[in-house]
Protein chains: 2
Amino acid sequence: MARKEVPSLVKDEKLIQKRRGEMIKAAVNLFKENGFHRTTTREIAKASGFSIGTLYEYIRSKEDILYLVCDSIYEGVREKLNEQIGMTEGSIDHVKKAIAVYFNVVDEMQDEVLVMYQEVKSLSREALPYVLKKELEMTAIFEELIKQTVEQGELDLCEEEVKLLAHNILVHGQMWTFRRWSLRKEYSLEEYTKMQTHLLLYGVKSKSFT
Amino acid sequence: MARKEVPSLVKDEKLIQKRRGEMIKAAVNLFKENGFHRTTTREIAKASGFSIGTLYEYIRSKEDILYLVCDSIYEGVREKLNEQIGMTEGSIDHVKKAIAVYFNVVDEMQDEVLVMYQEVKSLSREALPYVLKKELEMTAIFEELIKQTVEQGELDLCEEEVKLLAHNILVHGQMWTFRRWSLRKEYSLEEYTKMQTHLLLYGVKSKSFT
DNA sequence: TTGTACTGAGCGAACGCTCGGTCGATCCTT
DNA sequence: AAGGATCGACCGAGCGTTCGCTCAGTACAA
């Protein structure tokens, strides 16, 4: 199950990349304003700078756009993550740093992450698995990092705990976007990161902020 | 900002309650299958057991249905919570129990919670605040419980940490629904509850399951 | 001239919502 | 008690509009 290819009527591969890039950018902006369903293909075409006919040279259906958007956002997040996380050996400091980097990326791309997060469910049963797989791959990044930290002896966790922890980290990042209507009022990103990291590692019973 | 009243053309208040109950039940089932936008008012009417004309005697617009659905789900969760959580004094055991109860409720109502969670965003800017307020009230329940535990001296947390912890608990519950495609494969509800509770209280650094 | 990217008027299905009308229950009058 | 008037819940055909998508035609580069 590799990346799903969306067929296009246009031959020039470079041009496809370019046009789809324009499409995705326009679509994200519209989706974050009105959501997927309330956004029309005409609006997307217009905001992309070409006609509705041209739009349909590069996709088969409106849903294809949503898929491309989700795919692109995941790639964006992953790229930024890989840029900044060197995955050599595992250590608690590494985990902390990775969380901070991840939260930063989520914050930078908050609109995109939120849009994707709220709209994936509109994907067809056929396309959904491809996107969920991406989410699992993201989880796996943290899972691997924690697992190595366990192997280094800095943490004592079983397989299942490692997995759940990875899920929690991911969700705490996403939560910064989908609960921002409340969290933003209470905390800055730095405060949020620091507190979540502390709670994650030390829980509430041991009091020793670092 | 009390509960928003949705006007109806029908006079009989009892009947309104009854019909809206039927409507909500039908709508939740359809929403969880196809989402709000892909569900038609005709489908809702039919599944409710009356005609499209009658449907519109009890609401003004399709969005009213979504609002009623969200409202009803919140009330359902809160009712079940209050039933089972006696809020006398605060203690760590109380917090643990409250989490377990909450996770159980979320599990019982997973379809409803998931639907609400995925569709609130489709509410108009006018109706949204009423629903977000409900979410804050839910958070406040846990906030209060934790605060009292702090006051009892069983926990040492500042105001902001208490708040964040309450948010985390709520999200961990919701997460059980919106990540069930993955979590369900890994854990039973009991395992999930136990592990999340432990991580929440003790973090990953101290190893002592109870 | 041929191939390819692009255009946008137009098609047809679907959808939210309305409104004229039906009909049983209830009230009023004699 | 009977007949008529009124009420109000319920109905569903149909209106107006929107929206995803198509395709016959154009522009232009090679």
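Residue numbers begin at 1 in each chain, while the letters A, B, ... track the order of the sequences.
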Requested in this report: Dump the intermediate steps for side chain to side chain contact (heavy atoms under 4.5 Å, CB included) on A:Y192 and B:L164, then the final yes or no.
Outcome: CA-CA 8 Å; A:Y192 180 75; B:L164 186 57; 3.8 Å; yes
**Report entry** Closest non-hydrogen atom pair between A:T149 and A:S91, with its separation
**Finding:** OG1-N, 3.3 Å
**Report entry** Along DNA chain C, first and last positions that approach a heavy atom of chain A under 4.0 Å
**Finding:** C:dT4 to C:dG10
Query raised in the report: Roughly how far apart are A:E144 CD and A:T139 OG1, rounded to 0.5 Å?
Result: 13.0 Å
Report task. Mind listing the residues from residues 15-30 of chain B sitting with a heavy atom below 4.0 Å of DNA chain D? Number order is fine. Result -> B:L15, B:R19
Query raised in the report: Using a cut-off of 4.0 Å between protein heavy atoms and nucleotide atoms, how would you tag nucleotides 18-30 of chain D 5' to 3' with B, S and -?
Result: -BBBB--------
**Report entry** A:K121: salt bridge (charged side-chain N to carboxylate O under 4.0 Å, His left out) partners, not counting sequence neighbours
**Finding:** B:E119
Report summary line: Contacts of B:Q118 meeting side-chain hydrogen bond (donor to acceptor under 3.5 Å, both in side chains) (sequence neighbours excluded), chain-then-number -> none
Query raised in the report: Hey, is the main chain of B:L81 close enough, under 3.5 Å, to the side chain of B:Q84 for a donor-acceptor pair?
Result: no
Report task. Please list, by residue number, the residues of residues 120-128 of chain B whose heavy atoms come closer than 4.0 Å to an atom of DNA chain D; answer none if no residue qualifies. Result -> none
Query raised in the report: What is the ring orientation for A:F178 with A:Y117, classed by angle as parallel under 30°, tilted 30 to 60°, or perpendicular over 60°?
Result: parallel
Query raised in the report: Using a distance-only test with no angle check, is there a side-chain donor-acceptor pair under 3.5 angstrom linking B:E135 and B:Q174?
Result: yes
Query raised in the report: Does atom NZ of A:K32 have more than 12 heavy-atom neighbours, drawn from other residues, nucleotides or ligands, at distances under 6.0 Å?
Result: yes
Requested in this report: Going by the side-chain contact (heavy atoms from CB on, under 4.5 Å) test, name the single residue among A:D64, A:I65, A:D71 that passes it with A:V6.
Outcome: A:D64
Report summary line: Only residue of B:H172, B:E186, B:R179 satisfying side-chain hydrogen bond (donor to acceptor under 3.5 Å, both in side chains) with A:H167 is B:R179
Query raised in the report: Which heavy-atom pair separates A:R184 from A:D107 by the least distance, and what is that distance?
Result: NH2-OD1, 3.2 Å
